[in-house]
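Presented below is the structure to which this report refers.
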Amino acid sequence: MSASKLLTYSFVKTLPDRTSWLRKLRNRHGFTTRMFVRSMCSSVEPRHVVISGGGMVGTAMACSLGFNPMFEGKSITLLEAAPKKKFELSEMYKNRVSTVNLSTVSLFNSFGAWDKVLQMRCQPVKRMQIWESCSDSFLTFNQPDLSDELAFVVENDVLLEALRTKLEEVSERVEVLYETKATKIELPEPSTDSALKSLVSITLNNGKVLHTNLLIGADGSNSVVRKSCNFPSVKWDYNQAGVVATLSLSEPTENNVAWQRFLPSGPIAILPLSKKESSLVWSTSHEHAKELVSMDADTFVDAVNNALVEVVL
């Protein structure tokens with residue numbers, strides 16, 4: 001049921017004597033009841049779906065709903081706190097990357113976003129090699145057919161640009177509000193005769209208020225949606241910092257293996273970006289992280305190589 005129909009029904013239902021009241025209204029003012037109710041409802045402008053958070057998760061959800069035939073004619077609003085930016089694919093790889101599994105590739109394919117990723121750049125992972133620093137034990141993950149991919153490594157900016165490009169194709173169905181975020185959320189009342197109070201109320205940072213049938217939270221670790229709904233969460237401090245970098249290989253290779261080694265201070269991982277570059281993610285103590293980022297390039301490369309081969313007990 002659309003929001004306008006829901007409001008129309010609720011508005012008329014609350015009238016004490018619907019038939020006589022409507023007849024008097026029509027005779028006095030000369031317009032139909034349908035026109036009157038729609039004009040009353042238009043000032044409310046409820047959305048069928050509001051997605052709080054325009055990062056990769058929120059934008060992927062907006063694309064998935066926007067291209068879904070079941071949501072044809074529905075209004076979808078995506079709230080993005082950051083300003084709209086023009087994307088340019090730089091020659092140098094970005095340090096923020098994601099490893100995308102085949103289920104996510106399938107999701108992106110369902111609305112055509114994966115082709116946009118392939119038109120930019122990504123690197124397949126055909127094998128994962130995992131080992132530890134204090135023994136010879138190791139794990140290897142691969143598909144039965146070694147030529148098949150396990151996953152893909154993609155820069156976060158590339159994923160987001162692919163999603164936003166596809167989102168523009170359904171702009172008549174999906175509205176994106178940049179520099180906008182939820183600051184207060186009021187949940188529907190358990191039982192009410194008011195159609196407006198049966199919707200989620202969202203106060204924005206610009207003072208405007210949205211109402212929606214469905215609110216989706218994709219607004220990160222400090223989620224306003226989660227806090228407003230009192231969803232329980234569990235967290236703890238690992239007392240670690242992450243050092244990320246883009247590494248240049250000594251010579252071009254197929255570079256389709258993801259490497260991860262577990263050290264006493266935390267894991268170090270090297271993910272393929274291209275035939276000549278890899279992405280480093282090194283989790284370690286805060287003190288060691290400060291040392292790493294203060295090193296010159298040659299010393300840093302030596303530290304990475306040593307972490308991959310040295311025996312640490």
Side-chain angles (χ1 to χ4, degrees), residues 45 47 49-68 71 74-100 104-124 151-183 202 204-208 210 216-225 242-248 271-281 293:
E45 296 182 357
R47 272 71 166 177
V49 182
V50 172
I51 303 170
S52 179
M56 291 186 292
V57 174
T59 308
M61 174 61 77
C63 278
S64 184
L65 298 181
F67 282 92
N68 192 320
F71 281 81
K74 306 298 183 183
S75 57
I76 303 167
T77 298
L78 176 64
L79 308 180
E80 168 54 69
K84 187 174 183 179
K85 299 177 182 177
K86 183 179 179 180
F87 175 80
E88 293 184 3
L89 187 63
S90 62
E91 183 178 352
M92 184 178 296
Y93 282 81
K94 299 295 180 64
N95 289 336
R96 300 291 298 275
V97 304
S98 294
T99 303
V100 179
T104 302
V105 173
S106 178
L107 171 66
F108 275 48
N109 271 323
S110 68
F111 46 78
W114 190 248
D115 285 340
K116 301 296 182 183
V117 172
L118 295 177
Q119 290 169 14
M120 289 179 278
R121 60 192 181 200
C122 66
Q123 183 70 0
F152 292 84
V153 179
V154 193
E155 295 157 279
N156 291 359
D157 286 351
V158 169
L159 287 172
L160 198 51
E161 177 62 16
L163 292 168
R164 287 176 176 170
T165 300
K166 293 302 296 183
L167 206 54
E168 292 176 356
E169 297 179 16
V170 286
S171 58
E172 77 287 347
R173 192 181 305 175
V174 181
E175 173 190 31
V176 183
L177 301 180
Y178 289 95
E179 299 184 70
T180 306
K181 62 181 179 180
T183 58
I202 308 163
L204 307 178
N205 58 320
N206 57 16
K208 294 182 179 180
L210 301 180
I216 299 175
D219 46 350
S221 58
N222 294 316
S223 171
V224 174
V225 175
V243 177
V244 295
T246 301
L247 306 176
S248 295
L271 310 174
L273 282 176
S274 70
K275 294 182 181 299
K276 299 186 294 182
E277 287 89 12
S278 288
S279 178
L280 169 75
V281 183
V293 297

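The residues of the chain are indexed from 1 along the displayed sequence.
E179 meets the side chain to side chain donor-acceptor pair (under 3.5 Å) test with no other residue; sequence neighbours excluded. With sequence neighbours excluded, the residues satisfying side-chain contact (heavy atoms from CB on, under 4.5 Å) with L118 are W114, D115, C122. N156 meets the side chain to side chain donor-acceptor pair (under 3.5 Å) test with S98; sequence neighbours excluded. A search for side-chain contact (heavy atoms from CB on, under 4.5 Å) contacts involving V244 returns N95, V281, not counting sequence neighbours. The side chain to side chain donor-acceptor pair (under 3.5 Å) search around S278 returns N255, not counting sequence neighbours. Scored by the side-chain contact (heavy atoms from CB on, under 4.5 Å) test, S106 finds no partners at all (sequence neighbours excluded). Not a single side chain to side chain donor-acceptor pair (under 3.5 Å) links Q123 to another residue, sequence neighbours left out. Among residues two or more places apart in sequence or in another chain, the side-chain contact (heavy atoms from CB on, under 4.5 Å) test is passed with V224 by I185, D219, S228.
M61 is listed as a side-chain neighbour of I216, based on a closest heavy-atom distance under 4.5 Å. When side chains are defined from C-beta on, I202 counts as touching L204, because their heavy atoms get closer than 4.5 Å. K116 is not listed as a side-chain neighbour of F108, based on a closest heavy-atom distance of 4.5 Å or more.
The closest donor-acceptor contact from the side chain of R173 to the backbone of G66 lies under 3.5 Å.
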Throw together a table of side-chain donor-acceptor distances under 3.5 angstrom for residues 160-167, partners on residues two or more places apart or in other chains.
{"from": "E161", "atom 1": "OE2", "to": "T165", "atom 2": "OG1", "distance (Å)": "3.4"}
{"from": "T165", "atom 1": "OG1", "to": "E161", "atom 2": "O", "distance (Å)": "2.8"}
{"from": "K166", "atom 1": "NZ", "to": "E169", "atom 2": "OE1", "distance (Å)": "2.9"}
{"from": "K166", "atom 1": "NZ", "to": "E169", "atom 2": "OE2", "distance (Å)": "3.2"}

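Minimum heavy-atom separation, T59 to G54: OG1-O, 2.9 Å. Considering every non-hydrogen atom in both P124 and P272, the closest pair reads O-CG, 4.1 Å. Nearest heavy-atom pair across A182 and L79 is N-CD1, 4.2 Å. Annotation for Y93 and T246: closest pair O-OG1, 3.7 Å, computed over non-hydrogen atoms. Contact detail for V57 and A218: the closest heavy-atom pair is CG1-CB, 4.2 Å.
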Could you walk me through whether E175 and R47 pass the side-chain contact (heavy atoms from CB on, under 4.5 Å) test, one step at a time? CA-CA 10 Å; E175 173 190 31; R47 272 71 166 177; 3.1 Å; yes

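Sorted by first and then second residue, the salt bridge (Lys or Arg N to Asp or Glu O under 4.0 Å) pairs involving residues 85-95 (not counting sequence neighbours) are K94-D157.
Once rounded to the nearest 0.5 Å, the distance linking OG1 of T180 with CG of N206 reads 5.5 Å. Residue S248 holds its OG atom at 10.0 Å from CG of L273, rounded to the nearest 0.5 Å.
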